[in-house]
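Scroll down for the structure; my scribbles are underneath it.
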Amino acid sequence: MLLRLCTIILIFFSVVLPQSINDLIPKGVPYFIQSALNEGRPGGYWDISGGEDKIKEGALIQVYTLDKNEKDRRYTVQNSETQGYIKINIHNVAGYISVKNNSSKNGTKIELEQPKNSPSQNFTFRYMGGGRFKILNQNGKLITLPDRKSDNGNDILIWDDHEGTFTEWILINVQTGKPLNLDAELNKLAGSTGDKIEDAGSVYIQSALSFGKDLKGYFDVPGVAEAVSGNNLQAYQLSDFLDDRKFQIIPSNSNIQYYSISIADNNTLLVDAGSLNSGAGTNVGLRELNNSEGQNFSFKHLGKGRFKIYAQNGKVITLANRSAENHTNIQLGDDENGLWNEWYLIDINTNKPYLPKQQKGSDPDISSVPVSSSDPDAILLAGDIDNLYKEIAGVENKSTSVLNNLLKSGNALSDARSVSLKVNSLNSKVTDINDAIIVFERLPYIGAAVKVMSSSLATSGKQLGRVDASLGAIKDKIIEPSVTDMQTAMKQNILLNSQLRFLKQHLFSVKQQISGSSKENVTYTKNDITSLRSKISDLNLSLGSLQQTLSETEKNCKLISKIDAPAEKIVKGVKGFDKSIKQVDKVADEINKVLDKRFKKEIAKVKINISVRDVLEGGKVNKLFDKYVGDFVEDALKPVLKKLKIKLPEVPGADQFKDLLTESAELTKKIKGGSASLDEFSSKIAAVVNFAPVSMSN
């Protein structure tokens, strides 16, 4: 499957003419394909080493400076037999760009093959703007440069989708010399069925029934940490921060007028609403990207961050039974007005509800809402609302800063947990590898080299063992509880932050109501005003204490962040050690392959057919044959000997890391305790937000 890609479809009401980015690229027109790293400069052009005489089956596609206009530099795009994909071939040659062996392994090279109906030759273009494209295979991997370099002779290859100019390509028309630029055309058509929200990024999706009130009603894949195709979507309370709660709004692969909703870390796994015939009550789930209408959605902004999400068939995404309680199915519904049909797209890093570009900006000036009422009580209430609104703005800024620091320190602690698990795994691996290669010390010709490696492993293993023991001693008692404490604090602060944002919206609406400028038919009696003023006063009086609590939390978060430097050091050490261990493991495998080879020879009129390992370990044949076997092993292992000179790095900073983690345990307890006190403020905010005048009518 392919990763997310920017595509386009133009639909006329009488005739449906689906268009994708692939459809917008002229077919049969020869292009030079150049790396965006070299835009405006020589170099980075797709090429076959040796020139057009080397165009043949299996030839690797490389990048080179464009010094000749030969066939191996000119590529054209054709439609694939598989809908939604294209093929790329050398112009006027039946040589097609293919992923070698149809592999999806990172680092697999791109080669030339005869045309065939295979995913290895199916590609799709994702437009990045400014004339730059990503080119993705059907397996979801993109074509990129090795080591992010466009040096002459570098083989292009596939890798997981990621960002960077080294993953982007420019199509330069061979005849005109101009890059293919789709900006103007796409700007006219992208997201044209609803609001343009291409910059929404990674978001939580929460029901408007719950936003600013509680942590219920989030899009969730219940019961799993890693979402897969076929999972149902339900509304759930924000109880963790795993990837199955994070979504991304991406341009549709099949129809640029719509968007798709993917799991944030897997853009081939999309929210799916079924077919165009799916009716109200149809459950919404996850499916692999399949270019169907069920994966196309549009968004209508209702104001203040609230959206309706429409499936392509016109049904809205809604909550079953109009409930945001846990286990509630997310399904299709009729387009009715009601909070159960409305959603907030909440940035996972800032907790801010997403707003379309044209509606972003500073908060509205509440003092600009005039109070036309001559009622002195209403005038006093309006003044209280103005004061609270201004105070809340300051607290909201502090709350946002706290969330940012909580996220950083929480990530640092999560990294600590990952490092602890990785070190433990590496320690076991070192022991296993050392036990395995010690036997090689007895072998002639490589024994000395293996002994050097074995000694190095033993020394490094002891050091790694100390690190493992050091971190292992605090993992269950300190690291895990600290991570849990930080997640608890995150949830409490997210709720407060959402409540503060919603409170500002609510205060603005209430002032409009009492000023007579609201479209809602609401009347506040004297008792209503007195009651609401009391609740506002109670909340206002507590804001100073709230600011202090937030400041204390922020300070403690910054202290926890001191583990970043030693954490980075130890993470770097672990990565380096892991890389070296993989090299050792690979060499051990190569030695094993040599030893498992069959030794076939007639010696002294005796026919021998036995593995080299058996000869060297057991002497199943007469010692007369040792020399012949030894010569065979020496020749076979000469290339391996050089690879045994691997220096294993240290894993530094473990003791400092451990000490800081131990200190952080007390800080996370304080953070959790301080965040628990936020419940009191949340209750006071809820009292204001949930207050409804007795005389309210619809």
(request) Can you see which heavy atom on V371 is nearest to which on A382, and at what distance? (result) CG2-CB, 3.4 Å
(request) Taking atom types as modelled, find out whether Y524 and D377 have a side-chain donor-acceptor pair closer than 3.5 angstrom. (result) no
(request) Could you grab the distance from atom CD1 of I197 to atom CD1 of I309, nearest 0.5 Å is fine? (result) 7.5 Å
(request) Say whether, by atom type as modelled, one donor and one acceptor occur between the side chain of Y236 and the main chain of K216 under 3.5 angstrom. (result) no
(message) I'd like to know if the side chain of N231 reaches the main chain of A227, judged simply by a donor and an acceptor atom lying under 3.5 Å from each other, with no hydrogens or angles considered.
(response) no
(request) Verify salt bridge (charged side-chain N to carboxylate O under 4.0 Å, His left out) between D538 and K684, making sure each step is shown before the conclusion. (result) CA-CA 7 Å; D538 189 28; K684 292 180 179 181; 3.7 Å; yes
(message) For a quick test of reading the model, state the closest non-hydrogen atom pair linking G217 to S210 and the distance between them.
(response) N-OG, 4.0 Å
(request) Compute whether any side-chain donor of one residue and acceptor of the other, for N313 and N277, lie under 3.5 angstrom apart. (result) no
(message) Could you go through D365 and S367, starting from their C-alpha distance and side-chain angles, then the distance that decides it, and tell me whether this counts as side-chain hydrogen bond (donor to acceptor under 3.5 Å, both in side chains)?
(response) CA-CA 5 Å; D365 181 10; S367 63; 2.6 Å; yes
(request) Using modelled atom types only, decide if a donor and an acceptor are shared between the side chain of N351 and the backbone of D347 within a distance under 3.5 Å. (result) no
(message) What I want to check is whether the side chains of S401 and E554 have a donor and an acceptor closer together than 3.5 Å.
(response) yes
(message) Under 3.5 Å, is there a donor on one side chain and an acceptor on the other for R322 and T328?
(response) no
(request) Working to the nearest 0.5 Å, report the span between CG of D679 and OG of S677. (result) 8.0 Å
(message) What I want to check is whether the side chains of N290 and S292 have a donor and an acceptor closer together than 3.5 Å.
(response) yes
(request) Taking only Lys NZ, Arg NE, NH1 and NH2, and the carboxylate oxygens of Asp or Glu, determine whether E342 and K300 approach each other closer than 4.0 Å. (result) no
(request) Keeping the roles fixed (side chain from Q295, backbone from E288), state whether a donor-acceptor pair exists under 3.5 Å. (result) yes
(message) With rounding to the nearest 0.5 angstrom, report the CD1 to CG distance, I671 to L406.
(response) 6.0 Å
(message) Is there a side-chain contact between I261 and I250 in this structure, where contact means two heavy atoms from C-beta onward sitting under 4.5 Å apart?
(response) no
(message) Could you tell me if the side chain of T282 sits less than 4.5 Å from the side chain of Q331, heavy atoms only?
(response) no
(request) Would you name the heavy atoms of P481 and K475 that are closest together and state the gap between them? (result) CD-O, 4.2 Å
(message) Could you measure the distance from the OG atom of S551 to the CG atom of N556? Nearest 0.5 Å is fine.
(response) 11.0 Å
(message) Quick one, I21 and R126 - any side-chain contact, counting heavy atoms below 4.5 Å?
(response) no
(request) Mind checking the CG-CD1 spacing from L541 to I536? Nearest 0.5 Å is all I need. (result) 12.0 Å
(message) Closer than 4.0 angstrom, basic N to acidic O: yes or no for D384 and R533?
(response) yes
(message) For I366, is there any backbone N or O sitting under 3.5 Å from a side-chain donor or acceptor partner on K511?
(response) yes
(message) L238 vs L495, test: side chain to side chain contact (heavy atoms under 4.5 Å, CB included). Steps then yes/no.
(response) CA-CA 10 Å; L238 186 66; L495 175 58; over 6 Å; no
(message) Let's go through L407 and N349 carefully: what are the C-alpha distance in whole Å and the side-chain angles of both, what is the deciding distance for side chain to side chain contact (heavy atoms under 4.5 Å, CB included) to 0.1 Å, and is it a yes or a no?
(response) CA-CA 8 Å; L407 184 64; N349 294 314; 3.5 Å; yes
(request) Taking the side chain as every heavy atom from C-beta outward, state whether I317 and I330 have any atom pair closer than 4.5 Å. (result) yes
(message) Among Y354, Y344, F307, exactly one meets ring-ring contact (aromatic ring centres under 6.0 Å, His included) together with F211. Which residue is that?
(response) Y344
(request) Flag the pair D334 and K315 as a salt bridge only when some basic side-chain nitrogen lies within less than 4.0 angstrom of an acidic carboxylate oxygen. (result) yes
(message) Please determine whether the number of non-hydrogen atoms from other residues, nucleotides or ligands lying under 6.0 Å from atom CD of E226 exceeds 12.
(response) no
(message) If you define the side chain from C-beta out and look only at heavy atoms, does anything of L209 sit under 4.5 Å from L319?
(response) yes
(request) For the pair S531 (side chain) and D528 (backbone), establish whether a donor and an acceptor sit closer than 3.5 Å, ignoring hydrogens and angles. (result) no
(request) Give a yes or no answer on whether the side chain of S664 reaches the backbone of L661 with a donor-acceptor pair at less than 3.5 Å. (result) yes
(message) Would K526 and D375 count as a salt bridge (charged side-chain N to carboxylate O under 4.0 Å, His left out) here? Give the steps.
(response) CA-CA 9 Å; K526 185 178 182 65; D375 183 350; over 6 Å; no
(request) Indicate yes or no for a side-chain donor-acceptor contact from E396 to the backbone of R501 under 3.5 Å, with no hydrogens or angles considered. (result) no
(request) Please tell me if the side chains of Y218 and Q237 come closer than 4.5 Å, counting only heavy atoms from C-beta onward. (result) no
(request) Might you work through the side chain to side chain contact (heavy atoms under 4.5 Å, CB included) test for R287 and L270, ending with a clear yes or no? (result) CA-CA 5 Å; R287 294 288 185 276; L270 305 182; over 6 Å; no
(request) Evaluate salt bridge (charged side-chain N to carboxylate O under 4.0 Å, His left out) for D240 paired with K491, printing each intermediate quantity in order. (result) CA-CA 8 Å; D240 57 52; K491 287 182 285 187; over 6 Å; no
(request) Nearest 0.5 Å please: distance from the CG atom of L667 over to the CE atom of M486. (result) 9.5 Å
(message) Around atom CD of E336, are there more than 12 heavy atoms from other residues, nucleotides or ligands closer than 6.0 Å?
(response) yes
(request) For the residue pair I560 and T668, establish whether any side-chain heavy-atom pair is separated by less than 4.5 Å. (result) yes
(message) Tell me whether the count of non-hydrogen atoms from other residues, nucleotides or ligands lying under 6.0 Å of CG in N690 goes above 12.
(response) yes
(message) Please determine whether a side-chain nitrogen of the Lys or Arg among K670 and E552 lies less than 4.0 Å from a carboxylate oxygen of the Asp or Glu.
(response) no
(message) Using every non-hydrogen atom in the two residues, find where A311 and L332 come nearest and quote the distance to one decimal.
(response) CB-CD2, 4.0 Å
(request) State, yes or no, whether a side-chain contact exists between I685 and L496 at a heavy-atom distance under 4.5 Å. (result) yes
(message) For K672, is there any backbone N or O sitting under 3.5 Å from a side-chain donor or acceptor partner on S675?
(response) no
(request) Name the orientation class of the two ring planes belonging to F247 and F219 (parallel below 30°, tilted from 30 to 60°, perpendicular beyond 60°). (result) perpendicular
(message) Please check this pair: side chain of S207 against backbone of W343, looking for a donor-acceptor N/O pair closer than 3.5 Å.
(response) no
(request) Take D485 and K669 through the salt bridge (charged side-chain N to carboxylate O under 4.0 Å, His left out) test and state the conclusion after the steps. (result) CA-CA 7 Å; D485 287 347; K669 288 178 182 176; over 6 Å; no
(message) Atom NZ of residue position K246 - does it have more than 12 heavy atoms of other residues, nucleotides or ligands inside 6.0 Å?
(response) yes
(message) Working note: N232 + N329, criterion side chain to side chain contact (heavy atoms under 4.5 Å, CB included); need CA distance, chi angles, decisive distance, verdict.
(response) CA-CA 8 Å; N232 190 33; N329 281 332; 2.9 Å; yes
(message) On the six-membered ring of F502, is K213 placed so that its NZ or CZ lies under 6.0 angstrom from the centre and within 45° of the ring axis?
(response) yes
(message) Check this for me, if you would: do D335 and K308 make a salt bridge, where the nitrogen-to-carboxylate-oxygen distance has to be below 4.0 angstrom?
(response) yes
